Amino acid sequence: MNLSTLKQDIPAGLVVFLVALPLCLGIAQASGLPPFVGLLTGVIGGLLVTSLSPSRFAVSGPAAGLVTIVVGAIETLGSFSAFLFALILAGVLQFLLGVMRAGRFITLVPGSVIKGMLAAIGILLIMQQIPVALGAASDASLSSLFSGDFAFSASAIVVSGIGLLILWAWTTPLVKNIKGLNWVPGPLIAVLFGGLAVVFGDRIWAEMSANLPRIVLPTFDSPGALIAELERPDWQAWQNPAVYVVAVTLALVASLETLLSAEALKKLRPQNPPPSPNKEMRAQGVGNLVAGLLGGLPVTAVIVRSSVNVSVGAQSKISILLHGVLLLICGLWFSDLLNVIPLASLAAVLLYTGYKLATPRLFVEQFRMGAQQYVPFLATIGGILVFGMLAGIGIGLATQILCSIYKSHRNALQLTRYDDHYVLRFQQNLTFMHNPQLQGLLAEIPENSVVIVDHDNAEYLDPDVKAVLEDFGDNARQRGIRLSQWPVAVK
């Protein structure tokens with residue numbers, strides 16, 4: 001670390017903290033957990049993971065993309081303590097993947113599957129937060145809206161609606177062109193408005209704060225009180241087979257999000273030499289191991305906070321460490337101040353985050369790229385929504401492989417006519433799976449023609465393919481067909 005960069009790093013750390021604070025609180029709330037858990041995870045990511053990470057700019061902490069996995073895992077395992085045991089296993093698995101240098105395999109995951117995963121996460125996040133934005137508690141489901149006993153809250157709708165309007169306004173040129181406002185993150189303004197509505201809203205509307213559910217952060221008057229608040233993992237959960245499925249899911253998706261963030265960050269702020277993805281996975285593994293031990297959420301590198309860190313001029317890790325220290329201070333000594341934040345404001349932040357992940361523009365772009373892209377993209381989304389994250393990613397991968405095989409299969413052979421000459425091109429190595437297409441093309445060649453075979457791009461021909469070519473060659477003379485550059489011997 002270079003202390004000479006403090007002039008740039010301190011303001012950057014402050015801005016990253018202001019962005020991370022509402023996200024940490026909101027992600028914990030969306031996961032059905034106390035907001036303190038989100039702050040704890042932000043501290044682990046900001047201090048521990050940053051210390052071990054090879055990147056100077058990547059900010060780690062709780063990720064909105066893992067909310068749906070956390071909620072589903074806790075429901076499947078039956079308790080948060082059992083989930084923490086799975087998180088410990090996931091951290092160990094991540095560390096081992098880093099040791100085995102598995103980071104390089106990120107390039108094998110197709111872009112259509114990655115975009116489908118992010119879009120599905122966005123859709124699930126929106127579905128989860130709509131009831132909260134309308135006044136429900138954090139554990140309400142979308143189906144509860146259609147039950148007769150759901151109580152809409154006009155004050156929650158107003159706060160979440162204005163919060164969304166603020167978040168949208170912060171992306172417009174009108175706000176971006178005002179230099180002073182560029183330093184203040186939109187999510188912070190949305191949350192600040194919600195807090196002001198709770199404190200002063202009753203003066204305008206008598207029932208404003210009465211029907212506005214808020215976050216609840218504990219107050220710590222001693223180190224013992226802090227330790228007592230920490231959830232401990234259930235070590236007996238090893239007997240539950242579902243724990244290992246959750247652990248693998250967490251390890252793979254958290255690693256995927258981290259490595260994707262690292263790739264995106266390279267384009268925003270290159271480092272020389274570039275950070276090792278394997279070292280990053282080991283750092284994240286240690287972070288998730290400690291998060292599981294202390295009662296936190298899964299930790300990943302997060303591109304939103306990382307890009308903010310870069311855009312405001314950070315020069316070293318000091319900015320990220322400072323943001324972790326500020327999160328810790330908030331959690332320990334400013335809980336009363338944070339407890340005025342309504343859940344509807346955090347729901348607005350998460351709804352907007354979900355929209356950015358699943359923006360309609362992404363769907364349009366995928367459709368414009370053709371069936372080979374949008375079919376696996378939609379298969380991934382559908383698989384995740386119906387079967388869960390791990391199964392959905394697997395469905396997306398399988399669909400992409402099938403689409404690629406089909407596309408490759410269709411373009412493997414090409415028959416072109418020049419008067420009475422026919423050129424048959426082999427674009428790649430041929431296997432028995434190409435026989436139907438090969439036989440169909442050969443059947444199109446009429447009698448008394450010349451057939452030229454261009455097989456320079458094919459280094460291998462399956463014996464079954466050679467058999468088809470030999471049969472055609474044996475009958476060619478009888479049909480008056482002359483063969484040129486035939487790839488197999490003709491009897």
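Index from 1, following the sequence. Every value quoted in this text rests on a predicted model; they were computed, and no experiment measured them.
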Of all heavy-atom pairs between [X] and [Y], which one has the smallest distance, and what is that distance?
{"X": "Pro62", "Y": "Leu297", "value": "CB-CD1, 4.2 Å"}
{"X": "Val375", "Y": "Cys403", "value": "CG1-SG, 4.0 Å"}
{"X": "Ala156", "Y": "Ala344", "value": "O-CB, 3.6 Å"}
{"X": "Leu47", "Y": "Leu321", "value": "CD2-O, 3.4 Å"}
{"X": "Ala237", "Y": "Val243", "value": "O-CG2, 3.3 Å"}
{"X": "Ala251", "Y": "Ala90", "value": "CB-O, 3.7 Å"}

Once rounded to the nearest 0.5 Å, what's the spacing between atom [atom1] of [X] and atom [atom2] of [Y]?
{"X": "Leu89", "Y": "Gln94", "atom1": "CG", "atom2": "CD", "answer": "12.0 Å"}
{"X": "Lys279", "Y": "Leu52", "atom1": "NZ", "atom2": "CG", "answer": "11.5 Å"}
{"X": "Thr249", "Y": "Leu66", "atom1": "OG1", "atom2": "CG", "answer": "10.5 Å"}
{"X": "Trp235", "Y": "Ile88", "atom1": "CH2", "atom2": "CD1", "answer": "3.5 Å"}
{"X": "Phe85", "Y": "Leu293", "atom1": "CZ", "atom2": "CG", "answer": "10.5 Å"}
{"X": "Ser112", "Y": "Gln373", "atom1": "OG", "atom2": "CD", "answer": "5.0 Å"}

Ignoring hydrogens and geometry, is there a side-chain-to-backbone donor-acceptor pair from [X] to [Y] under 3.5 Å?
{"X": "Thr172", "Y": "Ala169", "value": "yes"}
{"X": "Arg282", "Y": "Gly98", "value": "yes"}
{"X": "Ser255", "Y": "Leu252", "value": "no"}
{"X": "Thr258", "Y": "Ala301", "value": "yes"}
{"X": "Ser79", "Y": "Ala82", "value": "yes"}
{"X": "Thr380", "Y": "Gly116", "value": "no"}
{"X": "Asp234", "Y": "Ser81", "value": "no"}
{"X": "Thr41", "Y": "Gly61", "value": "no"}

Can you confirm whether [X] sits close enough to [Y] that some side-chain heavy atom of one is under 4.5 Å from a side-chain heavy atom of the other?
{"X": "Leu167", "Y": "Leu351", "value": "no"}
{"X": "Arg232", "Y": "Leu84", "value": "no"}
{"X": "Pro110", "Y": "Gln372", "value": "no"}
{"X": "Ile27", "Y": "Leu33", "value": "no"}
{"X": "Ile393", "Y": "Met117", "value": "yes"}
{"X": "Val302", "Y": "Val59", "value": "no"}
{"X": "Thr76", "Y": "Val245", "value": "no"}
{"X": "Ile329", "Y": "Phe17", "value": "no"}

Exercise for review: Mind checking ring-ring contact (aromatic ring centres under 6.0 Å, His included) for Phe36 and listing every partner two or more places apart, or none if nothing turns up?
Suggested key: Phe220
Exercise for review: Please report the C-alpha distance between Leu39 and Leu25 in whole Å, then the side-chain angles of each, then the deciding distance to 0.1 Å, and finally whether the side chain to side chain contact (heavy atoms under 4.5 Å, CB included) criterion is met.
Suggested key: CA-CA 7 Å; Leu39 288 179; Leu25 297 173; 3.9 Å; yes
Check your understanding: Cut-off 3.5 Å, side chains only: do Glu280 and Ser55 have a donor facing an acceptor?
Key ->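 The criterion, which ignores hydrogens and geometry beyond distance, is not satisfied for Ser55 and Glu280.
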Review point. Do Leu289 and Phe95 pass the side chain to side chain contact (heavy atoms under 4.5 Å, CB included) test, and can you show the C-alpha distance, the side-chain angles, and the key distance before you say yes or no?
Key: CA-CA 9 Å; Leu289 172 61; Phe95 185 86; over 6 Å; no
Exercise for review: Under the side chain to side chain contact (heavy atoms under 4.5 Å, CB included) rule, what do Tyr244 and Val248 come out as? Steps first, then yes or no, please.
Suggested key: CA-CA 6 Å; Tyr244 303 99; Val248 172; 5.6 Å; no
Practice item. Under the side chain to side chain contact (heavy atoms under 4.5 Å, CB included) rule, what do Leu250 and Ile69 come out as? Steps first, then yes or no, please. Key: CA-CA 8 Å; Leu250 286 172; Ile69 298 178; 3.8 Å; yes
Practice item. If a pair satisfies ring pair (Phe, Tyr, Trp, His ring centres under 6.0 Å) and one of its residues is in residues 355-382, list it, with sequence neighbours excluded. Key: Phe363-Phe377, Phe367-Tyr374
